[in-house]
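Take a look at the structure below.
Please read these numbers as outputs of a predicted model, since none were measured by experiment. Excluded from the calculations below are hydrogen atoms, water molecules and symmetry mates; all remaining heavy atoms, backbone and side chain alike, are included. Each ligand, and each atom within it, is numbered from 1 in the order the structure gives.
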Amino acid sequence: MRTFPLAKRLQALPPYLFAAIDKAKEEVRAQGKDIISLGIGDPDLPTPEFIVEALCAAARKPEHHQYPSYIGMLAFRQAVADWYKTRFGVDLDPATEVMTLIGSKEGIAHFPLAFIDPGDLALVATPNYPVYPVTTAFVGGEVKYLPLTDENDFLPDLDSVSEAEWKRAKLIYVNYPNNPTAASAPRGFYEKLVAIAREYDVIVVHDAAYTEVYFDPADKPLSILEIPGAKDVAIEFHSLSKTYNMTGWRIGMAVGNPSLVAGLGKVKENVDSGLFQAIQEAGIAALQNGEPYAAKFREVYKERRDVMLKCLGDIGISCRVPKASLYIWAKVPHGQTSQEFVTKVLRQTGVVLTPGNGFGTPGEGYFRISLTVNTDRLKEAASRISSL
Ligand code: PLP
């Protein structure tokens, strides 16, 4: 059988971070070790039953068995607009400012096709969700990374970008609550970002997938669209995945500036045929009635966060206390690289962690813990790590 070489754009890519971790995990599992995976941010609790029921009922409706609309059902887009109004106080026109996505990853990945030409500059706050720079590179865009560090509270230093770079930049990617650093962004950061973006005509892509996983009502994360003038320049990607434990369902949304939403829609018209409408109906149920469940899930994650923080403290591993997200971003014990540490932990204890450098160079010296296993397993994982 012949083997065809991959296109250069793929040859240039490192292996997808989680695919590489999965491979190492399977090797260790094959040796008979009990694996505790704190690697990937995939909620372990099931989707609430009422959402599953809504899907089952909707799946029986023949009108959903045909091609869905490209931009999503109006009823789902209306439910998104209503949810944004209730949750963030943000007004959205469901006809032009909301689009259904097949998970937010899909929309994020397709967005550069709509707005980046070869040679265009994209600013990417890093460490980062890998999709932003990879799909920017797919379309020939150039990336400038803005490091997120302890010193800058894991917020990109917007003043470090020169005037010439702001003038050249086509878009900037930011993500709060942040994966992987678990940092939140204050209102002042968004205000400054929106002001600069408006001054230099730069698109702001805000990835808001984790806004509903917060641990104290006082720390409720913002939508960038709460900032006056943000709709002038911003598109926000959101998702039902993390809020309602629906990662497997593949349902998300893009909201914000109508020309940005329309540009993404034009790409999607040409590459996919929308999302199964029964899933969108279930999504409506989730958005309309899911809040008490989301609140319960927050309690679960908060307890897990506190258990893990205590264990890490006992072992002498330092980290900040996250206000939101599914993650803890912790410092690798002295004298080891991120990769050395997580490889040692995996091979000797069966605990899967994610090396911080896998998300970008400033992540070196950190590892990420995902709070997606129960407290007993978290304690067990910590105890195994402490025995090293
Ligand atoms: N954005 C961030 C920062 C993420 O961590 C993830 C998934 O882990 C996504 C987007 C994609 O989520 P989904 O495609 O399930 O909506």
Side-chain angles (χ1 to χ4, degrees), residues 16-19 21-22 37-45 47 51 72 76 80 83 98-112 124-136 148 154-156 172-185 204-214 221-224 234-256 264 268 272 274-276 279-280 282-283 286-287 290 294 297 301 322 324-329 352 354 356 358-360 363 368-372:
Y16 192 67
L17 177 60
F18 295 105
I21 291 169
D22 269 353
S37 182
L38 310 181
I40 197 162
D42 192 354
D44 55 314
L45 299 171
T47 308
I51 302 175
F76 176 74
V80 170
W83 183 78
V98 182
M99 175 167 304
T100 304
L101 300 175
I102 311 169
S104 66
K105 181 178 185 180
E106 176 267 303
I108 294 166
H110 283 137
F111 191 72
V124 178
T126 187
N128 56 279
Y129 184 53
V131 182
Y132 322 135
V134 167
T135 55
T136 298
L148 305 177
F154 302 105
L155 297 169
I172 178 166
Y173 290 96
V174 287
N175 157 228
Y176 293 100
N178 185 255
N179 174 17
T181 69
S184 293
V204 179
V205 176
H206 185 232
D207 180 349
Y210 295 92
T211 64
E212 302 319 292
V213 189
Y214 56 86
L222 302 181
S223 158
I224 195 170
I235 186 165
E236 184 159 88
F237 288 93
H238 213 306
S239 172
L240 275 60
S241 286
K242 318 284 174 168
T243 310
Y244 309 111
N245 303 337
M246 292 177 72
T247 49
W249 296 55
R250 312 313 304 133
I251 178 164
M253 58 274 202
V255 300
L264 177 59
K268 283 172 60 56
D272 67 58
L275 174 65
F276 183 28
I279 295 180
Q280 295 185 66
L287 290 167
F297 302 146
Y301 291 125
S325 86
L326 295 177
Y327 308 110
I328 293 177
W329 186 240
V352 182
T354 313
F359 299 96
R368 194 192 72 174
I369 292 173
S370 177
L371 298 168
T372 47

Please list, in number order, the atoms of ligand 1 under 4.0 Å from a heavy atom of [X].
| X | result |
| --- | --- |
| Ser241 | 13 (P), 15 (O), 16 (O) |
| Gly103 | 14 (O), 16 (O) |
| Ser239 | 13 (P), 16 (O) |
| Asn175 | 3 (C) |
| Arg250 | 13 (P), 14 (O), 15 (O) |
| Lys242 | 7 (C), 8 (O) |

Task: Residue that, paired with Phe76, satisfies side-chain contact (heavy atoms from CB on, under 4.5 Å) out of Ile251, Leu275, Ile279 - done: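 Output: one option passes, namely Ile251.
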Open item on the list: Using the rule ring-ring contact (aromatic ring centres under 6.0 Å, His included), only one of Trp83, Tyr244, Tyr210 pairs with His238; which is it?
Closed with: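 One option only clears the test, and that one is Trp83.
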Open item on the list: Students should be able to answer this: which protein heavy-atom is nearest to atom 1 (N) of ligand 1, and at what distance?
Closed with: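 That would be Asp207 OD2, 2.5 Å.
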Open item on the list: Counting non-hydrogen protein atoms only, what is the nearest one to atom 12 (O) of ligand 1? Give residue, atom name and distance.
Closed with: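 Ranking protein heavy atoms by distance from atom 12 (O) of ligand 1, first comes Ser104 OG, 3.3 Å.
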Task: Set of residues satisfying side-chain hydrogen bond (donor to acceptor under 3.5 Å, both in side chains) with respect to Tyr176, sequence neighbours excluded - done: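 Tyr176 satisfies side-chain hydrogen bond (donor to acceptor under 3.5 Å, both in side chains) with no residue once adjacent residues are dropped.
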Polar contact flag for [X] and ligand 1 (N/O pairs, less than 3.5 Å):
| X | value |
| --- | --- |
| Asn179 | yes |
| Thr247 | no |
| Tyr210 | yes |

Task: Residue pair Leu371 / Ile328: nearest heavy atoms and the distance that separates them - done: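 Closest pair (atom of Leu371, atom of Ile328, distance): CD2-CD1, 4.0 Å.
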TODO: Write down the atom of Ala125, the atom of Leu148, and the distance for their closest heavy-atom approach.
DONE: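 Heavy atoms only, the tightest pair is CB-CD2, 3.9 Å.
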- [ ] Please assess Ser184 against Tyr214 for the test side chain to side chain donor-acceptor pair (under 3.5 Å), listing each intermediate value before the final yes or no.
- [x] CA-CA 10 Å; Ser184 293; Tyr214 56 86; over 6 Å; no
Task: Polar side chain donor-acceptor pair, Tyr327 to Thr354, under 3.5 angstrom - done: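 No donor-acceptor contact under 3.5 Å links the two side chains.
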- [ ] Mind telling me whether Phe111 and Phe237 have parallel, tilted or perpendicular rings, with 30° and 60° as the class edges?
- [x]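 The rings of Phe237 and Phe111 stand perpendicular, inter-plane angle above 60°.
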